[in-house]
Q: 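I'd like to ask you about the structure that follows.
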Amino acid sequence: MKISTETKFKEGKKKLQRAMSSRKYRNYHSLLERMAHIVVDGVVRMTDAIYFKELSRNGIKNAVRVLRKGRLVGKIGRPAAVVGKKEQRVFDIIHIEAKSGTCLTLKKTRELIENVINHNDDEDAPFSEVSMSATNGFVKRHPELKTGKPKNLDINRLAVSCRSVFKPWYKTLDELHEKFHDNPALMINIDESSTRVPTDSKQLVVHTADEKAGFTKEPQRMINSTFVAAVAADGYAFPSVILWPSVNLPEELKSLLSPTLEIWANGSGWMDNECFKRYALTVLLPFVIERRKRMSLENEHILLLLDSHVSRADPSIWREFQKQQVYVLTFVPHSTHLCQPLDRGVFAVFKSELTNRFEASHSSPSSLKRAAITDVLSHAILTVFSPSVIQKAFVCSGVLHNSSGPVLLKLAESSIYPRPSHRNRFNFYGKVITNENLLEKWENHLKMNIERKDEMDEKEKDEVKAVVDEKK
């Protein structure tokens, strides 16, 4: 007996309804994916499925076609732009770029996918374009991939951000740890940070669909002042100094003064050799010695980490540290964003506090602006010198004994960018600068420079005198 088309349609509709609500299929994420599996499994015909009113015909057809090819079903059933080996190729390239620190933008990712899917031996094959929606779909299909705001990094930092640069430095550091028994209380990092309020021009805002994003109030750019800090790996903070750009200390800042914070009016607000020498020898070193004595560790060596800023280029400072059994290791230039504790945690929190708390009208007089920044600085300094913040910063930087692994794993083996050169300067970068041999070479180098300068000055005087005599 021949079954009518109408009867087949009714029976197919009933089967579809039972299958859609059955335990076997209701665990799929979307109705479209559920429908595709029901058709592919042969429960109902494609003809029965396309009459399902909640889904479009083309969506169902695309979803079934994609599923039969072993691919994932998208939200509207559209086949993925790149699959199989080509999909893995795209993912591998994205992974390599992220590993090197230069992540691809969504636009560059779209171009990459387009280049990969169009790379074939058939020169006459039509060119397939890839949309941004297909690019976003590729990212969403891979839980290992995410989108986020990149940080601005100059070319010099990119040049040293590789294992070939960091491994020797970390090896030197671990040798010092093994030699001096690795006491966190005697491991110190010193550096400085600008107190200018940073601005975030890329911050996201929420607005209604019928309005534009508008604008956000940005603080007026302030004159620079410098916050000098020193911390130990056990969470201890040594007394700090703020370098303020004035001849005399303003009244509004005097409320910040305490036994653990000094403010020096140095004219420029920037760190120079004179200010660093004063802080290192009159503030940091006496407190380091006192703390070691207070902990009954007088015979223990101290390890001090600091960057290679030009203000540190004075061997007379490190002679004094050497006398007190303080070993000083400098960072490789442009590498502190990865391996300096203060940069990895403490100063990041400091900048965040300044950004979130500082509010001053552009028309405020200077005294009110100083009062506003004073209030912000008191909260920021209190927050950043929390022991938990300091300890976490040392962990993240990988400077504790044998803890560099997580930092190195995120770096490529080498960098494609040339390393910056430091001509006509003594090389004290990434070295133990309290080493006797290095100090002697450093002192001789400076002595030769002074002699060379004197010779040039004398020669210039003779030339000027010869010209004057000739005119006479």
Side-chain angles (χ1 to χ4, degrees), residues 187-196 223-232 236-247 249 253 256-257 260-291 302-337 339-343 346-347 350 377 381 384-385 399 422 424-435 438-439 441-443 445-447 449-450:
M187 184 178 186
I188 304 166
N189 178 211
I190 175 179
D191 197 18
E192 61 270 352
S193 175
S194 172
T195 62
R196 272 181 177 160
I223 56 176
N224 179 74
S225 59
T226 303
F227 175 54
V228 187
V231 293
Y236 180 80
F238 293 91
S240 306
V241 168
I242 293 176
L243 305 178
W244 195 260
S246 62
V247 178
L249 182 62
L253 298 178
L256 285 174
L257 295 172
T260 58
L261 178 65
E262 297 182 27
I263 303 177
W264 298 344
N266 78 332
S268 69
W270 294 99
M271 175 64 80
D272 55 23
N273 179 260
E274 182 182 348
C275 286
F276 181 79
K277 187 173 184 177
R278 179 183 172 189
Y279 176 77
L281 298 182
T282 66
V283 179
L284 180 60
L285 188 56
F287 272 87
V288 167
I289 296 170
E290 176 60 28
R291 186 172 193 240
I302 295 170
L303 176 59
L304 175 64
L305 305 176
L306 78 159
D307 63 11
S308 306
H309 190 262
V310 65
S311 61
R312 282 71 159 151
D314 185 350
S316 66
I317 300 174
W318 311 120
R319 278 288 182 194
E320 298 302 317
F321 277 74
Q322 182 194 51
K323 293 174 184 177
Q324 299 298 332
Q325 294 184 302
V326 179
Y327 280 70
V328 182
L329 175 64
T330 59
F331 295 104
V332 175
H334 312 293
S335 70
T336 55
H337 64 292
C339 62
Q340 177 163 245
L342 283 167
D343 281 352
V346 176
F347 287 156
F350 182 71
L377 284 172
I381 294 172
V384 301
F385 283 158
V399 296
H422 302 277
N424 302 323
R425 298 184 191 174
F426 182 78
N427 183 8
F428 66 100
Y429 313 118
K431 298 182 179 182
V432 180
I433 59 176
T434 46
N435 178 277
L438 184 140
L439 282 174
K441 291 179 181 178
W442 200 349
E443 289 164 343
H445 172 80
L446 294 178
K447 185 178 179 181
N449 283 348
I450 293 172

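We count residues from 1, following the sequence as given. Side-chain atoms are counted along with the backbone in the values below, which use heavy atoms only and exclude waters and symmetry mates.
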Q: Would you say the side-chain atoms of Ser311 pair up with the backbone N or O of Phe276, donor to acceptor, closer than 3.5 Å?
A: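 Checked: no pair found.
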Q: Mind checking the CG-CG spacing from Asp307 to Leu342? Nearest 0.5 Å is all I need.
A: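 The CG atom of Leu342 is 9.5 Å from CG of Asp307, to the nearest 0.5 Å.
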Q: Going by ring pair (Phe, Tyr, Trp, His ring centres under 6.0 Å), name the residues that satisfy it together with Tyr327, two or more places apart in sequence or in a different chain.
A: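 Partners of Tyr327 by the ring pair (Phe, Tyr, Trp, His ring centres under 6.0 Å) criterion, ordered by chain and then number, come out as Phe180, His301.
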Q: Taking the side chain as everything from C-beta on, heavy atoms only, tell me whether Ile289 gets closer than 4.5 Å to Ile302.
A: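 The answer is no, as the side chains (C-beta and beyond) never meet within the 4.5 Å cut-off.
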Q: Please list all pairs passing the side chain to side chain donor-acceptor pair (under 3.5 Å) test where one or both residues lie in residues 262-275, with sequence neighbours left out.
A: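 Applying side chain to side chain donor-acceptor pair (under 3.5 Å) to every pair that reaches into residues 262-275, excluding sequence neighbours, yields Glu262-Trp264.
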Q: Could you work out, with ring pair (Phe, Tyr, Trp, His ring centres under 6.0 Å) as the rule, every residue matching Phe331, not counting sequence neighbours?
A: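 Ring pair (Phe, Tyr, Trp, His ring centres under 6.0 Å) check on Phe331 returns Trp169.
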Q: Specify the closest pair of heavy atoms between Tyr429 and Ser308, including all atoms of both residues, with the distance to one decimal.
A: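 Taking every non-hydrogen atom into account, CD2-CB, 3.3 Å.
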Q: Could you name each residue pair satisfying salt bridge (charged side-chain N to carboxylate O under 4.0 Å, His left out) that touches residues 324-333, not counting sequence neighbours?
A: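 Counting only pairs at least two positions apart or across chains, no salt bridge (charged side-chain N to carboxylate O under 4.0 Å, His left out) contact touches residues 324-333.
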Q: Does the Lys NZ or Arg CZ of Arg312 fall within the cation-pi geometry relative to Phe428 - under 6.0 Å from the ring centre and within 45° of the axis?
A: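 No, cation not above the ring by the 6.0 Å, 45° rule.
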Q: Under the rule for salt bridge (Lys or Arg N to Asp or Glu O under 4.0 Å), what residues qualify as partners of Lys277, not counting sequence neighbours?
A: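 Counting only residues at least two positions away or on another chain, Lys277 forms a salt bridge (Lys or Arg N to Asp or Glu O under 4.0 Å) with Asp314.
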Q: Give the C-alpha distance, both sets of side-chain angles, the deciding distance and a yes or no for side chain to side chain contact (heavy atoms under 4.5 Å, CB included) between Met187 and Leu305.
A: CA-CA 8 Å; Met187 184 178 186; Leu305 305 176; 3.6 Å; yes
Q: By side-chain contact (heavy atoms from CB on, under 4.5 Å), which residues pair with Val328, not counting sequence neighbours?
A: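 Per chain and number, Val328 pairs via side-chain contact (heavy atoms from CB on, under 4.5 Å) with Leu304, Leu306, Trp318, Phe321, Val326, Ile433, Thr434.
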Q: Who are the side-chain contact (heavy atoms from CB on, under 4.5 Å) partners of Thr282, not counting sequence neighbours?
A: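 For Thr282 the side-chain contact (heavy atoms from CB on, under 4.5 Å) partners, ignoring immediate neighbours, are Arg278.
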Q: Is there a side-chain contact between Phe350 and Leu377 (heavy atoms, below 4.5 Å)?
A: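 They are in side-chain contact.
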Q: Among residues at least two apart in sequence or on other chains, which ones pass salt bridge (Lys or Arg N to Asp or Glu O under 4.0 Å) with Lys323?
A: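 Expected list: Glu320.
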Q: Kindly write out the residues that satisfy side chain to side chain donor-acceptor pair (under 3.5 Å) with Ser246, not counting sequence neighbours, or none if the list is empty.
A: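 Testing Ser246 for side chain to side chain donor-acceptor pair (under 3.5 Å), a comparison that skips the adjacent residues, returns none.
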Q: Considering only heavy atoms from C-beta outward, does the side chain of Ile190 approach that of Tyr279 to under 4.5 Å?
A: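 Yes, close enough: below the 4.5 Å cut-off.
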Q: Can you tell me how far apart CG (Leu249) and CD1 (Ile263) are? Round to the nearest 0.5 Å.
A: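 The distance works out to 5.5 Å.
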Q: If only atom types and distance count, is the side chain of Thr195 paired as donor or acceptor with the main-chain N or O of Ser225 below 3.5 Å?
A: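 Confirmed, Thr195 side chain pairs with Ser225 backbone.
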Q: Less than 4.5 Å apart, side chain to side chain, heavy atoms only: is that true for Val432 and Leu438?
A: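 Counting from C-beta outward, Val432 and Leu438 never come under 4.5 Å.
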Q: Who pairs with Pro315 by side-chain contact (heavy atoms from CB on, under 4.5 Å), at least two apart in sequence or on another chain?
A: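 side-chain contact (heavy atoms from CB on, under 4.5 Å) list for Pro315, sorted by chain: Leu439, Trp442, Glu443, Leu446.
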Q: Taking side chain to side chain donor-acceptor pair (under 3.5 Å) as the definition, give me every residue that meets it alongside Thr330, ordered by chain and number, with sequence neighbours left out.
A: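 Listed in chain order: nothing, the list is empty.
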Q: I'd like to check Asn224 versus Pro245 (side-chain heavy atoms, cut-off strictly below 4.5 Å). Are they in contact?
A: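 With C-beta onward as the side chain, the pair stays apart.
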Q: Which heavy atom of Val399 sits nearest to which heavy atom of Cys339, and what is that distance?
A: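 Heavy atoms of Val399 and Cys339 come nearest at CG1-O, 3.2 Å.
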Q: Side chains of Phe227 and Ile381, heavy atoms from C-beta outward: is any pair under 4.5 Å?
A: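 Contact flag for Phe227/Ile381 side chains = yes.
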Q: Applying side-chain contact (heavy atoms from CB on, under 4.5 Å), name anything that partners Asp343, two or more places apart in sequence or on another chain.
A: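 Asp343 satisfies side-chain contact (heavy atoms from CB on, under 4.5 Å) with Asp191, Thr336, Gln340, Phe347 once adjacent residues are dropped.
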Q: Rounded at 0.5 Å granularity, tell me how far CG in Leu303 sits from CD in Gln325.
A: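 Interatomic distance, Leu303 CG to Gln325 CD, rounded to 0.5 Å: 13.5 Å.
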Q: Evaluate Leu243 against Cys275 for side chain to side chain contact (heavy atoms under 4.5 Å, CB included), listing each step before the verdict.
A: CA-CA 8 Å; Leu243 305 178; Cys275 286; 4.2 Å; yes
Q: Could you check Val231 against Ile188 for side chain to side chain contact (heavy atoms under 4.5 Å, CB included), going step by step and ending with a plain yes or no?
A: CA-CA 6 Å; Val231 293; Ile188 304 166; over 6 Å; no
Q: Any chance you could measure Ile242, atom CD1, to Glu192, atom CD, to the nearest 0.5 Å?
A: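 CD of Glu192 is found 13.0 Å from CD1 of Ile242.
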